Amino acid sequence: MPTTIHQRRWRVNFSQEALAKMFTDSRGLSSDGEAYLVLRDNQTWRDVYRLDPAVAHSIGRDETNEFVLNDHRCSRRHCSIQRVDGEWTIQDLDSRNGTAVNGIKIPAQQYLGDGDIIRVGRTQFLFTCDLTQRFADDYGGDDSGEEEETSHDSDSEDASSSDSSVADDPQIVEVQGNSGLFSEGLVNSDDEGLRRAFSNLYKLIARLVSAPTVPALCEVVLDEVCAALDVEMGAVLLFPPGHDDPTDVDELRILAYHAPQGAPYQKVSTRLSRAALKQRQGVLAMDVGRHTEFQTLHDLKAQSVVCAPIQTDDYLFGLLHLYSLRAEQPLDTESLAFAVAVTEQTAASLVRLNQRDLAVAGFEYVQDENHVLRRMLEIESDLVGRSDSMQRLRDTIARVAASDATALVRGESGVGKELVARAIHFNSDRKEGPFVCLNCAALSENLLESELFGHERGSFTGATERKIGKFEHAHQGTLFLDEVGEMPLAIQAKFLRALEGQPFERVGGNENIHVDVRVVAATNRDLEQAVEASEFRNDLFYRLQILEILAPPLREHAGDIAELANHFLLRCCERLGRTGVSLSKDALRELEQFDWPGNVRELRNVIERAVVLADGPEIQPDDISLRPTSSRRSAATPSNYRPRPLEEMEREHIEATLRWTKWHKREAARILDINRSTLDRKLERYEIEPPDPS
């Protein structure tokens, strides 16, 4: 298998004859002191890499190195080559397996000479300053200096001495690190065995990808590896979450095991497991069956065992145990290499499963948060009040919510038009979609167009990136446009097109955007008058007025003031963290007698101010600050009282109501709380006629 290497700068990959023509100097060394590394792949010198004398060339597995090796025997930052005082040097960067020059590991830093062979992990380089020479295939091919690269540290010796029965333990005959599948023992074996190993590994990876849980993953691993190596006994053991000591064999938990004829799984030697964990290397041991302390293995005459750590560079998950139960087919170095390759893929799959579980947990948390926020929005959409006016408003909202047509909410400032729009949204089939708000009076013409439809990068000064508009954000939901009567005429045509379901374009773009949005608009402006003054498009007005809802002012349902005041009091106390605050009877009477020109919004602000400024637990009239210019209703007889017949007062009231509704008889009948037919009879009785339009 060719060595995979990536150089972050550049490399030469020419024939040696072409190189000889390019460099005519007898040493091939340029005037600025450049040198070269030649990569050896198997028994062939392959690619040539230029060394810049002004740069320190680091070698390792990390992507930040100048030379990046896909070799797990290589450390993240393994060694460095640079030119110091006119001489090329190589320095080992405290790598795990060390750096060898001409088969001898260097202590720390060493000078390089022309023709030196550098070994990093399983990769060999030839250092040279002369590219004119031909590199024979056997150049530097003497690997006599190569040694098995393991971490022979004190932990290994501790592992050996920790068992009292060292002399009786299975004999370790092979130790192998990551990427064991590509060990020279296996690569140099017959091609059929190599193809079979890759085929088995490929099938394993294909099944690992679809494993839904960690136990299922472990079962898949054990099934495939036992079938590939023709072994009848094995186990996957993992550490529990949050374990502290990655070398504590007693903490391992069996996630999956195979045993012949339902026999219980028998643990392998503690020494072997601890050695594999401490050295983080795969271990092949022989003569397991002769150990009588493992009665089942002894009875089955198990001959050999493979113990391979399941690990990534940063984390140790556990171990894979495999036993050969047949004397004529023991596990060998190829079995160990395949097991190490399997554990690498298993560790990668465990990482993916953990990341998926974290993502699922995060998604569930976001869903819960979203549910809580949506419940808060729904609570905010609750319309408080038991008066007939509020009940009629709720009934109208229910009918409007059942439709998907555009709705127009009309009413004075502060009556709660946005609450009506929210109630429409959360009682409609679009309640699971977004509810997006935009105040058309708060933005200039250019900014309003960008907010509604979005813009492309560079479409105007300050547009440094693409922006998604409110229409796109509200896809499959509801877009609430407050103060729609203040929308500039220049935008109304484009808005009308989007309102009718036609595609639109972002500002500065040419891509057609299709969205599925219901629009609920609101205004306190007389749109009919705006149409007559050519300040509002009549076609847009008719499109918005498909469903019209009138939100009544607070003075028309004064009976709800006490309930609204206590509702705002409770919400304010929750927000400020206060408890035990209440409204006195005198304070409630003061609120009920006020005219509330600012409607529900003014009442909410008055209550919040009273909660903040009140000294005691009970809010008194002195704690309530009302606008002095507003009037107060009184139960006493007014000074301008004039005795009149009830029919005269009824006639004046009907005329006033019709004028207020601009002679919309249905709306007037609703306000008067009478049937339309009753209103027609009273109009005929009192001889009330609409004004002459001329």
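All of these numbers come straight from a predicted model, not from anything done at the bench. Numbers here are sequence positions counted from 1.
R497 places a side-chain N or O within donor-acceptor distance of the main-chain N or O of P503, the cut-off being under 3.5 Å. Remark: side-chain polar atoms of D673 are not paired, donor with acceptor, to backbone N or O of A669 under 3.5 angstrom. With D62 contributing its side chain and N65 its backbone, the two residues share no donor-acceptor pair below 3.5 Å. Side-chain atoms of N439 come within 3.5 Å of backbone N or O of A441 as a donor-acceptor pair. Between the side chain of S459 and the main chain of H455, no donor-acceptor pair closer than 3.5 Å is present. Side chain of R525 to backbone of G485: a donor-acceptor contact under 3.5 angstrom is found. A distance-only check finds a donor-acceptor pair linking the side chain of S58 to the backbone of E66 [under 3.5 Å]. Of the possible polar contacts, none joining the N510 side chain to the E505 backbone as a donor-acceptor pair under 3.5 Å is found.
Atom-to-atom distance recorded for H475:NE2 and D516:CG is 6.0 Å, nearest 0.5 angstrom. The CZ atom of R670 sits 14.0 Å away from atom CG of N675, with the distance rounded to the nearest 0.5 Å. The CG atom of D622 sits 9.0 Å away from atom CD of E590, with the distance rounded to the nearest 0.5 Å. Here the OG1 atom belonging to T312 is positioned 9.5 Å from the CG atom belonging to L350, to the nearest 0.5 angstrom. Atoms CG and CG, from D586 and L591 in turn, are 11.0 Å apart once rounded to the nearest 0.5 Å. Of the inter-residue distances, the one linking F460 atom CZ with L447 atom CG reads 7.0 Å to the nearest 0.5 angstrom.
Under the side chain to side chain donor-acceptor pair (under 3.5 Å) test applied with S413, the options E483, R601, E602 reduce to a single match, R601. Screening E648, E647, R681, E650 against Y686 for a side chain to side chain donor-acceptor pair (under 3.5 Å) leaves a single residue, E650.
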Show your reasoning for whether side chain to side chain contact (heavy atoms under 4.5 Å, CB included) applies to T346 and F317. CA-CA 9 Å; T346 304; F317 289 98; over 6 Å; no
Apply salt bridge (charged side-chain N to carboxylate O under 4.0 Å, His left out) to R386 and E563, showing your working. CA-CA 9 Å; R386 296 185 177 89; E563 185 177 355; 3.1 Å; yes
Please report the C-alpha distance between M390 and D560 in whole Å, then the side-chain angles of each, then the deciding distance to 0.1 Å, and finally whether the side chain to side chain contact (heavy atoms under 4.5 Å, CB included) criterion is met. CA-CA 9 Å; M390 292 303 297; D560 295 325; 3.1 Å; yes
Give the C-alpha distance, both sets of side-chain angles, the deciding distance and a yes or no for side chain to side chain contact (heavy atoms under 4.5 Å, CB included) between L547 and S403. CA-CA 9 Å; L547 296 172; S403 171; 3.9 Å; yes
E608 and R604: CA distance, side-chain angles, deciding distance, salt bridge (charged side-chain N to carboxylate O under 4.0 Å, His left out) verdict: CA-CA 6 Å; E608 184 167 350; R604 182 189 62 194; 5.6 Å; no
Any chance you could lay out the side chain to side chain donor-acceptor pair (under 3.5 Å) test for R543 and T406, step after step, and finish with the verdict? CA-CA 7 Å; R543 188 68 178 78; T406 304; 3.2 Å; yes
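When all heavy atoms of E412 and N599 are compared, the pair lying nearest together is OE1-ND2, 3.3 Å.
Using a 4.5 Å cut-off on side-chain heavy atoms (C-beta onward), T464 and R457 make no contact. Residues L540 and Q492 meet the side-chain proximity criterion, which asks for heavy atoms closer than 4.5 Å. Within the 4.5 Å cutoff, the side chain of L393 has no heavy atoms near those of the L550 side chain. Looking at heavy atoms from C-beta onward, V415 lies out of side-chain contact with V600 at the 4.5 angstrom threshold. The shortest distance between side-chain heavy atoms of R422 and C437 falls below 4.5 Å. At a threshold of 4.5 Å between non-hydrogen side-chain atoms, the residues L554 and I561 count as touching.
Side-chain contact of H557 with S389: a donor-acceptor pair under 3.5 Å is absent, judged by distance alone. A side-chain donor-acceptor contact under 3.5 Å links E548 and Q545.
The aromatic rings of F435 and F480 lie parallel to each other, with less than 30° between the two planes, well short of the 60° mark.
The aromatic ring centres of F504 and F453 sit less than 6.0 Å apart.
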